[in-house]
Amino acid sequence: MDKSLAPLPDADFGRPQARHLLRRTCFGATDWEVDQLVGLGTLGAVDRILAQLDAPDDWPDPDVDPDIIAPPTPEQRAMYVKARQDNDEQSLESLRRLQLIARQNDQQMIESMRRWQLRRFAGSTTPLRENLVLLWHDHFATRHRDIRDAFLLYQQNQLFRQHAADFAALARAIVHDPAMLRFLNNDRNVKRKPNENLARELMELFTLGEGNYTERDIREGARALTGYHVRDNDFVFEQRDHDDGRKTILGQTADFDGDSFVKLLLEQQACPRFVAGKIYKHFAFASDAPASRVVVERLARLIRQHQYDLRPVLRIFFAGRHFYDSDVVGRQFKSPVALVAGTIRSLDLPPRDVELLTNGLRLMGQVLFDPPSVAGWDGGPMWINTSTLFVRQNTAIYLVTGKYPSGDKPKLDQSDFDLTLSPALAEADSSAVSSNSSAIVDHYVNLLLGEHIPTARRAPLVTFLDKAGTQSQDLVQLLLLITAMPEYQLC
Amino acid sequence: MLDSSLPYTRRQFLNRSLVLISTIGTAPAFLSRSSLLLAAPAPASALAAGNVPGKDEGRILVVVQLSGGNDGLNTVIPCGFPAYYKLRPGIAVPEKQVLMLDDSSGGGIGIHPNMTALFEMIGNKRAAIIQGVGYPNPNHSHFASMDIWHSGVNLDEDQPVRAPHGTGWIGRALDSSPLKSDVCMDCIAIGSEAPPATRGRIVQPVAFERSDMFRWAGDSDEQLDAIYEQLQNEPADLAPSDSAAAFVFRTAMDAQVASDKVRKAVGRKNETTLPRSDLGRQLAAVANMIRAELPTRVYYVAMGGFDTHANQTGRQPNLLRDFSEAMAAFYRELDATGNGSRVVSVAFSEFGRRAAQNASQGTDHGEAGPVFIFGDHLALDITSGGGCGLIGQHPALDKLNDGNLAYQTDFRSVYSELLTNWMQLDAKAALGRAYPPLKLIRD
């Protein structure tokens, strides 16, 4: 594997490379978008994509209510206390009912945020920024199930977007983020009884990685974070709960608070390396090959050099020869989000029923705003098992045809296909290639799987088209076959 | 995990399995098949573990989840205690209707009158009820408490084991077993989503809501399906470094085999008639899969609707009837196919409900509740009252925990018993620490 980060020569940057770049950074792209990049040369193409990070927000906000979960009013509190004293079942009941309604509304709000974010992944004009939002959601994983306040997660989601390419800003902000403070119980971290949860995960999962701190550092770090609390939707610093004494963390003694604790973490050698590993895994793949380790080490040096501004780091990474090595291309497992957004983007499909798609994500194991734990999603091969594989294939069928194969209607016949599906298909249908089976197969295999797929793997598809014909419905069936190929789970 | 054995096609695989089955004779198919096909031979001790004199081999565990928080106090009813009627003036079950299990002096405990089928099974020593099951620092949220029952970990405990990260007690127990199904079918869950309990780091359950959905949906077109199948075969010239592709091809093949096996098994007609309730249909499918000797050791099913905040008496009794009748019919079907003694079943809910009723003739989220256990291997001599089918004491109504029934048996002790003494799996590996097993399974 080529471990060089020197830019790929422009002469070597053709369609396959542009397609790979767009797939990994922007979930996927049509041929038209690929062609836009090809003439720009490697760094020109990378710069075009990175420009997204400074583009204005392109997407309307979701319909959110800051008061979806509001603290009880003084009147409600008094009513509750009185009802408890009087054993007044009727009043307690009505209070419980109010709480239940609030919970249901909150549930609806988080579900609409899931649809909103998935639409955005699939349709945003700044998909790299959204891809980074996904990376940070996975990295600073926070669960709605535990905090049960959708608005806090909306705020956190905006935070990830705002600082998408600035890790230092993210790390500083996360200890002020109400969703995270609630999720890791820091709102219960007080001087007289420190809670270590946030301090531990801050070091283990967010900045340094295991083995780069001691249990004592956790205890002392927890003291630094005391009093970092939440009031309704906002961060609040509770001076009287804060321990302002001296603490010794990672060998440094000072009267640390949360902010200076984070600053200390960012200064550690382990931190850039840890962040580099996350970025490498997200955009390249999970690999502990020697070449991968060298590249991660180089990325870490760049991160340190640029003080956690990720733009120059990503520029060198995405343009570097390593990124285009044949052992990197097609070796990443697509996350469910990447699978859905990538299919929609490559084929330029209509958005379909997004509720059905978010349900599909759930069946594939990626519920947005509800990762399995603070450690995020396992990713990689863990996405794929005998159950999720069929869901992934059948979700692609739904995306391509617009018809969900429900149990009541298992048979897919031609009348089920949505033939007005996409300009990409219409173009191929009417273009010069349309009479030549192998040209059509190449067109779609390259678009959906990549130029690296060998001829032998394309042959059964050519045989199919030779027999079936090249009408629209035949091309739809061809797409079903391609999206069902094991290679489609990779990119 | 990315290791892939020799490439094989779906048909070759099916043929090979058939050969093995036919040479094995009477040994349960999944044990022999797994041990023969495992890349490295399983340790002799592990193989021997499934083979205990006097017990049937090929042991199966069926887990029934009663979702929503079943009201244990109107399921296992302390009708001999006046406090019960004081707590629930509007929804209590009259004493004369209760199916009495323990009417010893100072007792007076029975089950809901709609559970005659369960009552009969208890009489036949084929079912029992563990009373007052729960855990310390109970959580009253459906999600959170269900997570605790699935993961076996309560982070609110004084010294919790490490956060389980999406895995559960069954998945981790199967992970630790040297006997794994060669086609990743160790556990089958009926439901659209794999329950966290069944997820392991290695073992992943097969999950489907309906077996006819557990397949590539394009397969109804014969021509298309033929090409599809061809495309699933791993190419011989796959780059050795391409472990990702090898893994997906291998999983695709497993999925094909599992899909074929499951759909063939479930498509068959049952020997007896099972109820057409939600649970009845699921158990009918499970019975068929057991009969077809799938290489599956744990099945997971669920029925919902137990969250009875209002007008409980209009809903819970029907659910209890459905549950009780489905379980009885399930064992009748298992008996008819000669599998009755291979299967132990356990039924739980994420919490019980508050002891006192609320103002809407319902009950709110509570704490301890009963757990049901079914099978031929129950050690009922240790139950209170000499085999009345009740294990442990009914939670005391005069010692409520802020209005809730207090637990006396940790649910992980139930898991520990099922894993250790029924499934012969490593309970400590599954639960993160040793919980004393209840003595439920007979030697």
Side-chain angles (χ1 to χ4, degrees), chain A residues 1 89-90 92-93 96 100 145-146 148 285 289 326-327 330-333 359 362-363 365 371-375 377-378 380-382 384-390 393-394 397-398 404-407 410-413 454 456-457 460-461 463-464 467-468 477 480-482 484-487 489-490, chain B residues 1-2 141 143-144 147 163-167 183-185 189 192-194 196 201 204-210 212-221 223-224 226-228 230-232 234-235 237 239 241-245 247-249 251-252 254-255 257-259 309 356 358-360 364:
Chain A
M1 218 182 329
E89 251 319 308
Q90 213 78 34
L92 285 174
E93 178 76 11
R96 269 197 293 266
L100 194 70
R145 246 177 196 232
D146 294 319
R148 300 214 279 175
F285 60 158
S326 64
D327 276 350
R331 302 289 170 91
Q332 189 185 55
F333 293 89
N359 189 45
R362 182 172 61 82
L363 303 185
S373 77
V374 63
W377 288 283
D378 289 314
M382 294 300 280
I384 312 284
N385 59 56
T386 53
S387 303
T388 58
L389 194 57
F390 287 128
Q393 293 176 343
N394 291 340
I397 291 187
Y398 169 69
Y404 195 72
S406 78
K411 196 166 160 52
L412 259 179
D413 60 42
R457 293 291 292 158
L461 298 166
T463 310
F464 170 77
K467 261 193 229 156
Q477 294 201 321
L480 302 192
L481 287 171
I482 295 174
M485 285 169 72
E487 292 94 329
Q489 307 309 326
L490 305 168
Chain B
M1 186 174 42
L2 288 174
S141 142
F143 281 143
D147 271 354
H165 190 62
T167 62
V183 284
C184 304
M185 295 178 71
S192 56
E193 201 177 356
R201 298 294 303 181
Q204 295 295 324
V206 169
F208 53 85
E209 196 149 18
R210 300 167 49 146
D212 57 357
M213 302 277 285
F214 181 51
R215 66 191 229 289
W216 182 57
D219 70 355
S220 48
D221 181 315
Q223 201 191 348
L224 210 57
I227 305 279
Y228 169 83
Q230 209 178 329
L231 289 168
Q232 304 304 306
E234 184 178 327
D237 58 350
S241 65
D242 201 354
S243 58
F247 175 76
V248 184
F249 275 104
T251 307
D254 286 346
V257 173
S259 169
H309 285 280
N358 63 25
S360 324
D364 296 319

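Chain A is the first sequence line, chain B the second, and so forth, proteins listed ahead of strands; every chain is numbered from 1. Reckoned from all heavy atoms, side chains included, excluding hydrogens, waters and symmetry mates.
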Please tell me whether Ser141(B) and Arg145(A) have a donor and an acceptor in their side chains that are separated by less than 3.5 angstrom.
no
Less than 4.5 Å to any heavy atom of chain A: does that hold for the side chain of Asp147(B), its backbone, both, or neither?
side chain
Just do the side-chain contact (heavy atoms from CB on, under 4.5 Å) check on Leu461(A) and Leu231(B) with the steps written out, would you?
CA-CA 9 Å; Leu461(A) 298 166; Leu231(B) 289 168; 3.7 Å; yes
Closest approach of Asp327(A) to Ser241(B) (non-hydrogen atoms, all atoms of both residues):
OD1-OG, 3.2 Å
Counterpart residues, salt bridge (Lys or Arg N to Asp or Glu O under 4.0 Å), relative to Arg96(A) (two or more places apart)
Glu89(A), Glu93(A), Asp364(B)
Heavy atoms only: give me the nearest Ala217(B)-Asn394(A) pair and the separation to one decimal.
N-OD1, 2.8 Å
Could you give me the CA-CA distance, side-chain angles and deciding distance for Ile397(A) and Trp216(B), then say whether side-chain contact (heavy atoms from CB on, under 4.5 Å) is met?
CA-CA 9 Å; Ile397(A) 291 187; Trp216(B) 182 57; 3.5 Å; yes
Counting only non-hydrogen atoms closer than 4.5 Å, does Asn385(A) touch chain B with its backbone (N, CA, C, O), its side chain (CB onward), both, or neither?
both
Given that the side chain runs from C-beta out, which part of Ala144(B) has a heavy atom under 4.5 Å from chain A: side chain, backbone, both or neither?
neither
Specify the closest pair of heavy atoms between Ser387(A) and Ala207(B), including all atoms of both residues, with the distance to one decimal.
OG-N, 2.6 Å
Who pairs with Arg362(A) by salt bridge (Lys or Arg N to Asp or Glu O under 4.0 Å), at least two apart in sequence or on another chain?
Glu193(B)
Is Ile384(A) close to chain B through its backbone or its side chain, or both, or neither, when contacts mean heavy atoms under 4.5 Å?
both
Checking Thr167(B) against chain A: side chain, backbone, both or neither under 4.5 Å from a heavy atom?
neither
Which atom pair, heavy atoms only, marks the closest approach of Gln223(B) to Ala468(A)?
NE2-N, 4.2 Å
Return the OH to CD distance between Tyr228(B) and Gln477(A), rounded to the nearest 0.5 Å.
14.5 Å
The interface call for Leu481(A) against chain B, heavy-atom contacts under 4.5 Å, is both
Nearest-0.5 Å distance that lies between atom OG1 in Thr463(A) and atom CD in Gln230(B)
7.0 Å
So how far is it from Arg215(B) CZ to Gln393(A) CD, rounded to the nearest 0.5 Å?
11.5 Å
Are Val248(B) and Phe333(A) close enough that some pair of their side-chain heavy atoms sits under 4.5 Å apart?
yes
Under a 4.5 Å cutoff for heavy-atom pairs, which residue among Arg457(A), Lys467(A), Gln332(A) has the most contacts with chain B?
Arg457(A)
Chain B: which of Met485(A), Gln90(A), Met1(A) shares the most heavy-atom pairs with it under 4.5 Å?
Met485(A)
With a 4.5 angstrom heavy-atom cut-off, which part of Ala484(A) approaches chain B: side chain, backbone, both or neither?
both
Do you know which of Cys184(B), Ser192(B), Ala356(B) has the most heavy-atom pairs with chain A at a distance under 4.5 angstrom?
Ser192(B)
Counting only non-hydrogen atoms closer than 4.5 Å, does Pro196(B) touch chain A with its backbone (N, CA, C, O), its side chain (CB onward), both, or neither?
neither
Could you check Phe143(B) against Asp146(A) for side-chain contact (heavy atoms from CB on, under 4.5 Å), going step by step and ending with a plain yes or no?
CA-CA 9 Å; Phe143(B) 281 143; Asp146(A) 294 319; over 6 Å; no
Name the region of Asp378(A), side chain, backbone, both or neither, that has any atom closer than 4.5 Å to a heavy atom of chain B.
both
Between Phe390(A) and Phe208(B), is the side-chain contact (heavy atoms from CB on, under 4.5 Å) condition met? List the steps.
CA-CA 10 Å; Phe390(A) 287 128; Phe208(B) 53 85; over 6 Å; no
Would you confirm whether Ser373(A), through its side chain, and Gly166(B), through its main-chain N or O, come within 3.5 Å as a donor-acceptor pair?
no
Taking the side chain from Asp254(B) and the backbone from Thr386(A), do they hold a donor-acceptor pair closer than 3.5 Å?
no
To the nearest 0.5 Å, atom CE of Met213(B) lies from atom CG of Leu363(A) at 9.0 Å
Chain A heavy atoms under 4.5 Å from Ala194(B): which part of the residue, side chain, backbone, both or neither?
neither
